[in-house]
Amino acid sequence: MVKQTFVDTETETWFDFEPVPGTKLLSLAEPVPEGSIYRLRMVAGTVIPVHYHPCDEYVYVLDGTIETAGHECKAGTFWFTPANTKNGPHKAITSVEIITIRLGKM
């Protein structure tokens, strides 16, 4: 039986993203096998270095300002990075919260 799933993002547990101090993740869904939808929080000054994903990635800025690949992105900005394309660096100019969607293995 298929049913709707609800996530209360105010009461669910956020996890430290160990490879990058100053970041926390909240898993929201797995839209496709091995895919992911996360909320990500970054403390101001946090940097996620250049990296690559073997899948497409979609990002929406919910709050704050983040610089990525030399572009300053504020709340309401959306960006797309195709699979196997240089991604980042991502630098939190202010404390920032984003939603990331990956349609495949990270």
Side-chain angles (χ1 to χ4, degrees):
M1 176 180 193
V2 178
K3 64 178 185 166
Q4 289 180 303
T5 302
F6 298 88
V7 177
D8 183 345
T9 61
E10 298 303 317
T11 61
E12 291 294 319
T13 302
W14 289 75
F15 297 94
D16 292 330
F17 182 53
E18 299 285 329
V20 182
T23 60
K24 290 191 174 289
L25 286 173
L26 176 64
S27 180
L28 298 174
E30 185 179 305
V32 297
E34 298 189 78
S36 62
I37 301 176
Y38 286 104
R39 277 177 72 177
L40 171 67
R41 290 181 177 161
M42 297 171 64
V43 174
T46 301
V47 176
I48 298 175
V50 170
H51 58 283
Y52 296 81
H53 296 293
C55 64
D56 292 345
E57 181 178 53
Y58 304 84
V59 179
Y60 182 77
V61 182
L62 294 170
D63 190 45
T65 303
I66 186 170
E67 181 182 297
T68 186
H71 295 273
E72 188 173 284
C73 303
K74 297 181 183 230
T77 301
F78 173 85
W79 78 80
F80 165 69
T81 307
N84 303 309
T85 301
K86 179 181 170 184
N87 199 336
H90 307 310
K91 180 180 181 184
I93 305 302
T94 66
S95 290
V96 68
E97 187 168 330
I98 62 178
I99 289 194
T100 65
I101 301 167
R102 293 182 195 92
L103 299 179
K105 187 175 182 177
M106 192 161 117

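Taking CD of E67 as the start and CD1 of I93 as the end, the distance is 5.0 Å to the nearest 0.5 Å. Annotation: the span from I101 atom CD1 to Y58 atom OH amounts to 8.5 Å, rounded to 0.5 Å. The CG atom of D63 sits 12.0 Å away from the NZ atom of K74 when rounded to the nearest 0.5 Å. Residue L40 holds its CG atom at 6.5 Å from OG1 of T100, rounded to the nearest 0.5 Å. Between the CZ atom in R41 and the CG atom in L25 there is a gap of 11.0 Å [rounded to 0.5 Å]. With rounding to the nearest 0.5 Å, the separation of CD in E34 from CZ in R102 is 13.0 Å.
The nearest pair of heavy atoms linking S36 to P31 is N-CD, 3.6 Å. The two residues C55 and G104 make their nearest non-hydrogen contact at SG-O, 3.5 Å.
Sequence neighbours left out, the pairs with a member in residues 9-24 that pass salt bridge (Lys or Arg N to Asp or Glu O under 4.0 Å) are D16-K24.
If you look at Y60 and F78, their ring centroids are not closer than 6.0 Å.
If you chain together hydrophobic residues whose side chains sit under 4.5 Å apart, L103 and W79 never meet in one group. Transitive grouping of hydrophobic side chains (ILVMFWY, heavy atoms separated by less than 4.5 Å) keeps L26 and V59 in distinct clusters. By the rule that hydrophobic residues join a cluster once side-chain heavy atoms approach within less than 4.5 Å of another member, M42 and F17 end up as members of one cluster. Note on W14: it does not cluster hydrophobically with V96, by side-chain heavy-atom contacts below 4.5 Å among ILVMFWY residues.
Side-chain N or O atoms of T94 include one that pairs as donor or acceptor with a backbone N or O of T65 at under 3.5 Å.
Considering only heavy atoms from C-beta on, T9 comes within 4.5 Å of L28 through its side chain. P89 has its side chain out of reach of I48: every pair of non-hydrogen atoms, C-beta onward, lies at least 4.5 Å apart. In this structure the side chain of C73 reaches within 4.5 angstrom of the side chain of I66, judged on heavy atoms. In this structure, F15 and T13 have side chains that are in contact, with non-hydrogen atoms separated by less than 4.5 Å. Looking at heavy atoms from C-beta onward, Y52 lies in side-chain contact with K86 at the 4.5 angstrom threshold.
Under the side chain to side chain contact (heavy atoms under 4.5 Å, CB included) rule, R39 has a single partner from L62, I98, V7, which is L62.
Note: H51 and H90 have perpendicular aromatic rings, judged against thresholds of 30 and 60 degrees for the angle between ring planes.
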